Structures are given as C-alpha cells and as structure tokens.
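Order of the sequence lines sets the chain letters (A, B, ...), proteins ahead of strands, with each chain counted from 1. All figures in this text were calculated on a predicted structure; none of them were measured in a lab.
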Amino acid sequence: MSIYDSLNPQQKEAVLHDKGPLLILAGAGSGKTRVLTHRIAYLIEERNVNPWNILAITFTNKAAKEMRERVDSLIGYGAEDVWVSTFHSTCVRILRRYIESIGYSKNFTIYDADDQKTLMRDVCKYLNIDTKAYKEKSILSVISNAKNELINSVEFAKDSGNDYSAKIYSKAYTEYQKRLKSNNALDFDDLIFKTIDLFKTNDEALAYFQNRFKYIMVDEYQDTNTAQFQLIYLLSSGINRDGVKENNLSVVGDDDQSIYKFRGANIHNILNFEKAYRNTKVIKLEQNYRSTKNILNAANEVILNNTTRKVKSLWTDNDEGEPLNFTVYSNDLEEAESIADSIQTSYQKGDAKLSDFAILYRTNAQSRVIEDRLVRKNIPYKIIGGVNFYARKEIKDIIAYLKTIDNGLDDIAVKRILNVPRRGIGLTTSERVETYSINNEISFYEALKNAEYVPGLERTSSRIVPFISLIEGLKNNLQSESFSLSDIIDDILDGTGYLKELETEGSDEALERINNINELINTMTYYEQNAEQPTLSGFLEEVALISAIDNLDDTADYVVLMTLHSSKGLEFPHVYLCGMEEGIFPSYMIKNADNPKEELEEERRLCYVGITRAKTTLSLSAARQRMLRGEMQYNKPSRFVYEIPRHLLKSELPNNKVESFNKKNSFGINTSFTAKPFSTLSKNIGGNNLLALDYETGDTVKHIKFGEGLVIDITKGGKDYEITVEFKKFGVKKLISSFAKLKKIE
DNA sequence: TGTATGGATATTTTT
DNA sequence: TATCCATACA
C-alpha cells in the first residue's frame with residue numbers, strides 16, 4: 001500500500017498534480033497540511049524532483065517545523081534539504097546572502113515593534129512632529145501599510161501631494177527609512193520589501209532563486225499581503241530550460257479563515273488567484289475530518305452570513321456529537337470560574353487530558369480572570385501570546401547588549417543599554433552624544449568612543465570609557481576561537497553587574513526577571529547546540545522572528561489559553577469560546593472602522609476559525625457584565641451566537657450556586673443562571689435575528705429581581721427590544737429583552 | 001542625574 | 001486597569 005492510498009479523491013488529485021499553478025481551497029480540518037506534505041513527498045519520490053528545489057512557506061515557525069517533521073516521516077531521506085520556512089525567515093536567508101547589493105551590510109539587525117517605536121520617537125523629535133496629533137504607532141502603521149503595498153518612501157511622497165497629514169507621514173517615512181539604514185536594521189515589513197527590492201534590481205540573485213525553487217508551496221495563502229504575493233510571484237516565474245514559464249506554484253488556503261486584514265493580508269490574493277496565474281487548477285477540499293457534525297454545521301451556518309466568499313460547504317462523516325453549550329453568566333469572574341470548574345471535573349473523571357482543552361478569547365486582556373481561576377484551582381495552564389517573552393524589559397536589555405556586540409551600528413540598542421544598569425550617564429549626555437553623532441555622520445556607538453571630544457562631556461566621558469571597554473572586551477571574547485556563545489550572556493551579566501543588582505533587590509519581581517534571563521541563556525545554549533553554524537547574528541535573528549504560537553509545546557499536558565487569532569491552524573477536543581458578547585466579539589472597534597461591514601465579516605471569519613478548532617465539544621459563553629480597563633461593561637450576547645441554529649445548541653439546567661467572590665455584584669444579588677435565549681428565539685428568513693417575545697404591552701410579567709410588573713411599552717432597538725415595565729415594588733424600569741428574563745404571568 | 005508622583009491616556013488581532 | 005509621561009524635588 002502506498003502512502004497516497006489513504007487520501008480522498010480530491011486530496012489525491014491535489015497531491016498528484018503535475019506542473020503549473022494549483023489552488024487548493026481547503027476548508028477547516030480538511031487535511032491541507034496532509035496534502036502539502038504528501039505532495040512534497042510525491043514530487044521527491046515519484047517525480048524525481050530534487051528536495052532542494054522545493055520551497056514550502058508557512059506563516060509561523062511552528063507550522064514550518066511541523067511540516068518538516070511530517071515530510072520527514074513520509075520519505076526516507078532528503079527531507080532536510082527541502083527549504084521549509086516562514087516568509088520572514090526565508091527573506092532573511094536570502095538577504096543575508098545578497099543584501100549588500102542594495103546597500104546594507106550582511107549582519108543587519110531586525111527591529112521588533114518596540115524598537116520601531118523607539119526609533120519613531122526619535123524621528124518625531126527630530127522632525128518636530130507633534131506626537132499628540134500623530135502618534136508613533138499610527139505613523140508606523142501608515143508606513144507598514146505602505147510597505148505591504150510595496151510603496152517606498154519616494155513614491156509615498158509623490159502620492160501625498162499637498163495633503164497636510166500625508167506630508168507629515170511622508171517626512172516621517174523618509175527619515176525612518178534613513179535611520180533604519182544607518183542603523184543597519186530592517187523592520188519586519190522590510191524583510192519582505194527589501195527582498196523584492198533585491199530581486200527587482202539584481203537579476204542574478206533572482207535567477208539564482210528562481211532556478212533553485214522549481215516547486216513552491218504556500219500554506220495559509222489567504223493571509224498573504226500584496227508584498228508577499230509579489231515575492232511568490234517573482235520566485236515562481238522562472239523560465240525552465242525549454243524557455244517555458246512553468247509557475248509550479250501550489251497554494252493552500254481558505255478564504256473563510258482570512259483573519260489578518262489588519263496586518264495587510266489581501267483576501268484578493270486568494271480570491272483572484274486564477275486571474276493572476278493562467279491555467280490554474282482549482283481543487284476544493286470540503287470533507288472535514290476534525291469536528292462533529294454539530295460543530296461543523298454551526299460553523300457553516302455562521303459563515304453563511306458572510307457575502308464576500310467563495311462558495312463551498314464543508315461536510316463530515318464524523319458522528320453527530322453533542323450539541324453545543326451556550327451559557328450566559330452574570331459576570332466575567334463567574335464565567336471563568338465555571339470554565340475552570342468544568343475542565344477540572346472532566347479531568348478528574350479521567351475523561352480527558354489537560355491538553356485536550358483550549359480556552360479561546362478575542363482579546364488578550366480577557367485571559368487575566370481565567371488565569372486567576374486556573375491558578376486557584378491548581379490547574380496547569382499556558383497562555384500563548386500576551387506580553388511576549390522577548391518584549392520583557394530584562395530580556396530586551398540583554399538582547400540590546402547582544403545586538404550592540406553584534407552590530408555596533410544599531411543605535412537603538414546602544415542607547416537602551418548605555419545607562420542600564422545605571423552608570424550615571426543621563427539624558428543630557430545621551431543627547432549631546434547624539435548631536436555629535438549626527439553632526440559627524442557617525443553611529444552613536446562611534447560617537448561614544450570619541451566621548452572626550454564631544455562638547456560638554458569633559459566630565460561624563462570618564463563614565464563612558466568603562467562602558468566602551470566593556471563592550472569592546474565582549475567583542476574580543478567573541479572573536480576568540482575557544483569562546484562559546486552561551487558564555488556571552490554570563491559575561492554580560494558579570495561585566496555589568498546586572499545580575500548582582502537583581503539579586504540585591506531580591507523582590508519577587510526581580511527573581512522572576514532572573515528566571516527569565518536564565519531561560520534566555522537556556523535558549524541560547526540550545527541554539528548553539530542545534531544550529532548548523534551558530535553565530536550571534538543567527539541567534540538574534542531567530543529570536544526576532546519567533547512568534548507567540550511557536551512556544552506551544554504539544555507534548556506537555558496543560559490547558560492552553562489564547563486569542564482566536566493564535567488558534568488558527570490548531571485543533572482541540574474541547575474548546576471554550578468565552579466572551580461571546582457584542583462589543584467584545586465582534587469588537588466594538590469595528591463600528592468606527594472605515595468599512596464596518598467588511599470588518600464585521602472578518603470578525604465572523606474569526607468566529608468561524610474559533611468554532612472549527614473544536615473536535616468533540618464546544619462551549620460558548622458570555623457574561624452580562626465584565627470589568628474592562630477598570631470599567632464595568634454590560635454587553636448583550638454576541639450576534640454570532642444567534643447565527644447558530646437553535647437545534648444545535650443545548651441548554652443546561654439552571655445553575656444557582658452562590659459564589660463568595662460574587663457577593664458584591666451591583667444588583668446585590670446573585671443571578672447565576674444558564675440562559676435559554678433560544679426558547680424565545682425565532683430566526684427570520686432574512687437573517688435578521690429578532691427575539692420573539694412571548695408577552696406584549698399590557699401583560700403582567702415577572703422579573704428575577706424586580707418581581708411582578710406591568711409591561712407599558714415595547715420598542716425595537718436594533719436586534720433587541722427595549723421593554724418598559726412598571727414594577728409593583730421598584731417602579732418603572734427600562735430593560736433589554738435579551739437580558740431581562742421576563743416571564744409572562746397568566 | 002535620579003526618583004517619586006500624579007495625571008493623562010489608551011486601550012483588537014501580531015509575523 | 002496599566003502604562004506612559006511630564007514635572008517637581010532630592
């Protein structure tokens with residue numbers, strides 16, 4: 001039996017596709033990674049394609065690693081020669097080799113969001129841009145959008161014409177690029193942008209890679225942006241020996257799972273693929289192997305409300321499974337408590353491992369309450385994302401030292417550590433050095449070396465000298481043959497007294513920082529032992545391109561918490577989708593967006609992604625009130641919940657337990673209950689979901705807290721009703737029908 | 001130059 | 001709520 005026999009007909013067709021462009025529209029859980037890996041195996045084993053002629057591109061390191069492992073297990077040898085990597089690392093590898101032809105040096109550093117912001121702050125100061133009116137972040141986002149659309153600063157300037165704001169952005173863009181270059185640094189977007197730049201200006205480099213990558217595969221194609229599209233287009237447009245353009249490009253994606261528009265992803269890349277590549281073969285994978293029928297149907301129904309999509313419908317041979325849970329809790333604490341409870345119960349019964357559970361939410365901020373509950377119950381968990389490990393102060397400090405040692409041109413790094421730990425070198429000094437460096441067109445570090453000549457620094461220069469000799473000493477260590485990379489952090493810690501300072505402080509926070517630093521040392525040791533040719537630049541590069549999801553270890557047993565975005569591509573037997581509330585999910589941000597309808601559809605795709613992560617059970621939940629940035633929010637259940645057909649949902653028995661932490665709710669009572677919103681719900685044919693009320697004006701109704709009252713008015717407000725009731729004991733109140741569980745009294 | 005303080009402010013998703 | 005920033009003071 002061959003490895004291809006286990007594939008279904010569509011999968012097989014995709015795997016056995018010969019040459020030319022191939023678009024695989026792969027629904028959630030339809031085995032797309034399987035198809036890609038089998039296709040790679042097929043090309044190598046059956047078509048005698050050289051492994052090194054294959055390039056497979058993913059978005060995360062984790063996906064790349066998985067793909068390589070799977071190819072490895074499929075074929076006997078050669079898997080290690082297949083180039084499997086992310087867009088960004090692919091570009092870094094290309095640039096490390098050829099970047100000199102566009103005027104950077106090979107040991108360029110990569111700026112993360114923090115570095116970008118620091119640099120932009122300097123730029124704004126220099127250009128006298130009022131950062132109240134033009135925030136660093138928004139300027140950076142304008143620049144990022146431009147780069148994603150392959151607009152350089154010169155073209156941007158042309159396009160901005162006489163528009164006042166555009167001119168400011170343009171000036172900032174120009175100066176920002178100038179400084180990146182003099183710092184010998186690239187930001188994330190530059191990695192792609194400059195690679196294209198290189199290919200457009202250096203025919204030899206382009207030809208080399210076109211010739212090398214005869215077969216290209218791209219995963220998650222729906223998330224590519226214009227620049228990435230162009231990159232792939234260039235790489236896949238090589239001419240073969242017979243002078244024919246083969247376009248041996250296979251892309252896999254699902255337009256319904258396109259959730260990175262905010263990051264420049266261009267959904268038209270996938271929607272118009274067939275137009276960009278003539279003679280494209282299109283294959284749809286519609287059989288889902290992951291979820292139960294109930295879960296899949298719920299997902300299908302929700303996504304049906306989107307208008308901009310390729311028509312497809314997923315089906316499955318799997319069991320019907322259990323209906324989905326939907327519970328409305330009175331507040332976020334209770335929601336968290338209940339989720340933790342239910343995980344604990346299943347776990348203790350031995351029904352599942354902890355790693356079978358995932359708790360998904362829209363925003364990172366929501367993780368805090370849940371984390372708190374899990375801690376109290378001693379349930380091991382891991383939060384993916386949130387404050388990035390490499391964004392922590394102590395880690396950034398050490399990294400800045402490493403960058404300074406590696407690339408003295410990186411002014412941002414040098415400035416960061418100049419006075420860390422304190423050396424009595426303050427702002428005034430730093431500014432004088434900077435002025436000197438600008439006037440003399442040298443790097444900040446070079447200027448520091450000349451401190452004694454810098455005007456006004458006669459006295460402080462004595463403090464700068466030891467700093468310089470420290471760095472120079474570390475640089476020298478690195479040169480010596482016997483020196484190992486992993487010693488370098490120890491040397492930094494010793495030489496600077498960084499560790500000592502933390503030890504003396506001795507606070508919990510300081511200990512935590514020490515732990516983090518040790519983790520960094522471990523990472524470095526691991527890198528040194530495993531990399532083919534370990535270098536400091538190589539390590540810094542790896543660290544810069546790491547993503548949150550890469551830290552997910554699927555062999556460890558813990559509950560994972562993450563945003564819906566991070567969950568894409570993963571699957572779990574049991575999924576909790578919490579915070580299913582209007583304003584949270586969909587986010588309130590979409591209301592003020594340029595195109596609310598488009599944004600809503602993106603949120604809905606995100607919901608689709610969330611639902612389709614679940615294999616056997618899915619629990620949705622909402623909270624009637626939740627604390628958000630110190631303010632109490634009252635939200636209605638998410639419209640997405642209403643888009644799930646009633647018959648796919650299970651209503652649980654009321655849950656009236658009294659929790660001590662909940663005593664002080666603003667109503668003075670505990671209203672923990674399991675909502676049954678669908679007992680009173682009817683779905684209109686137009687898709688405009690309205691609650692059907694079982695009472696009308698003039699009826700006597702009963703409210704859980706206010707008791708009996710007379711309905712005096714019912715007004716339609718959006719997708720809900722506002723009910724005015726005159727209560728016997730509490731007077732006239734206005735209530736929202738979906739919250740106030742009013743019961744008609746006969 | 002360093003630190004403490006209070007007030008303003010910004011709140012989605014991240015390779 | 002958490003972070004950032006300006007200002008005042010040591």
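Other residues, nucleotides and ligands contribute only 12 or fewer heavy atoms inside 6.0 Å of the OH atom of A:Tyr233. Heavy atoms from other residues, nucleotides or ligands lying under 6.0 Å from CZ of A:Arg368 number 12 at most.
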N/O to N/O distances under 3.5 Å, protein versus nucleotides 8-10 of chain C:
none

Protein-nucleic acid N or O pairs under 3.5 Å, nucleotides 1-5 of chain B:
| from | atom 1 | to | atom 2 | distance (Å) |
| --- | --- | --- | --- | --- |
| B:dT1 | OP1 | A:Thr429 | OG1 | 2.5 |
| B:dT1 | OP2 | A:Thr428 | OG1 | 2.5 |
| B:dG2 | OP1 | A:Asn419 | ND2 | 3.3 |
| B:dG2 | OP1 | A:Gly424 | N | 3.4 |
| B:dG2 | OP2 | A:Asn419 | ND2 | 3.4 |
| B:dT3 | OP2 | A:Arg422 | NE | 3.1 |
| B:dT3 | OP2 | A:Arg422 | NH1 | 3.0 |
| B:dT3 | OP2 | A:Arg422 | NH2 | 3.3 |

For nucleotides 9-11 of chain B, print each protein N/O atom paired with a nucleotide N/O atom at under 3.5 Å, atom names and distance only.
| from | atom 1 | to | atom 2 | distance (Å) |
| --- | --- | --- | --- | --- |
| B:dA10 | OP1 | A:Lys135 | NZ | 3.3 |
| B:dT11 | N3 | A:Arg629 | NE | 2.8 |
| B:dT11 | O4 | A:Arg629 | NE | 3.3 |

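Ring geometry for A:Tyr260 against A:His565 counts as tilted: the plane angle lies between 30° and 60°, on a 0 to 90° scale. Ring orientation note: the planes of A:Tyr169 and A:Tyr134 are nearly perpendicular, at an angle over 60° on the 30°/60° scale.
Per the geometry, CZ belonging to A:Phe87 stands 16 Å off C1' belonging to B:dT14, to the nearest Å. One can place NZ of A:Lys117 at 6 Å from P of C:dC5, the figure rounded to the nearest angstrom. Summarising the geometry, the separation between CE on A:Met627 and P on C:dA2 is reported as 11 Å, rounded to the nearest angstrom. In this structure, the CG atom of A:Asp114 is 13 Å from the C1' atom of C:dT3, given to the nearest Å. Rounded to whole Å, the distance from CG on A:Leu600 to C1' on B:dT12 is 15 Å. Rounding to whole angstrom units, NE2 of residue A:His565 and P of B:dT12 are separated by 12 Å. The distance from atom NZ of A:Lys261 to atom P of B:dT14 is 17 Å, rounded to the nearest whole Å. Atoms CG (A:Leu360) and C1' (B:dT13) sit 14 Å apart, rounded to a whole Å.
In this structure, A:Arg96 satisfies the cation-pi test against A:Phe108, with its NZ or CZ atom closer than 6.0 Å to the six-membered ring centre and inside 45 degrees of the ring normal. In this structure, A:Arg93 satisfies the cation-pi test against A:Trp83, with its NZ or CZ atom closer than 6.0 Å to the six-membered ring centre and inside 45 degrees of the ring normal.
For the pair A:Asn364 and B:dT14, the criterion of a side-chain N or O lying under 4.0 Å from OP1 or OP2 is met. Between B:dT13 and A:Ser566, no contact under 4.0 Å exists linking OP1 or OP2 to a side-chain N or O. Under 4.0 angstrom from either OP1 or OP2 of C:dC4 there lies no side-chain N or O belonging to A:Arg121.
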Distance-only donor-acceptor hits, side chain of residues 115-123 of chain A, under 3.5 Å, sequence neighbours excluded:
| from | atom 1 | to | atom 2 | distance (Å) |
| --- | --- | --- | --- | --- |
| A:Asp115 | OD1 | A:Lys396 | NZ | 3.0 |
| A:Asp115 | OD2 | A:Asp112 | N | 3.1 |
| A:Asp115 | OD2 | A:Lys403 | NZ | 3.0 |
| A:Gln116 | NE2 | A:Tyr176 | OH | 3.1 |
| A:Gln116 | NE2 | A:Asp187 | OD2 | 3.3 |
| A:Thr118 | OG1 | A:Asp114 | O | 2.9 |
| A:Asp122 | OD2 | A:Lys415 | NZ | 2.9 |

Can you list, pair by pair, the side-chain donor-acceptor contacts under 3.5 Å of residues 426-433 of chain A, counting residues two or more places apart and other chains?
| from | atom 1 | to | atom 2 | distance (Å) |
| --- | --- | --- | --- | --- |
| A:Arg432 | NH1 | A:Gly456 | O | 3.2 |

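Between the side chain of A:Arg368 and the base of C:dT1, no donor-acceptor pair under 3.5 Å is found. For a distance-only test at 3.5 Å, the side chain of A:His88 qualifies as a donor-acceptor partner of the base of B:dT15.
The A:Arg362 side chain lies nearest to B:dT12 when the options are B:dT15, B:dT14, B:dT12.
Nucleotides of DNA chain B nearest to A:Glu603 and A:Thr86 differ in position, and the one nearer the 5' end is that of A:Glu603.
A donor atom on one side chain and an acceptor atom on the other are not found under 3.5 Å apart for A:Ser141 and A:Ser144. Checked by atom type, the side-chain pair A:Thr226/A:Glu149 shows a donor-acceptor distance below 3.5 Å.
Look at the C1' atom in both B:dT13 and C:dC4: the space between them is 22 Å, to the nearest Å.
For A:Glu599, the salt bridge (charged side-chain N to carboxylate O under 4.0 Å, His left out) partners two or more places apart in sequence, or in a different chain, are A:Lys261.
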Subject >> A:Asp219 and A:Thr58: CA distance, side-chain angles, deciding distance, side-chain hydrogen bond (donor to acceptor under 3.5 Å, both in side chains) verdict >> reply: CA-CA 5 Å; A:Asp219 196 8; A:Thr58 62; over 6 Å; no
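Ring-to-base geometry places A:Phe262 in a stacked arrangement with B:dT13 (centre distance under 5.5 Å, plane angle under 30°).
Checked against a 6.0 Å centroid threshold, the rings of A:Tyr221 and A:Phe273 count as neighbours.
Residue A:Phe59 is classed as a sugar-phosphate contact, given heavy-atom separations below 4.0 Å to backbone atoms only.
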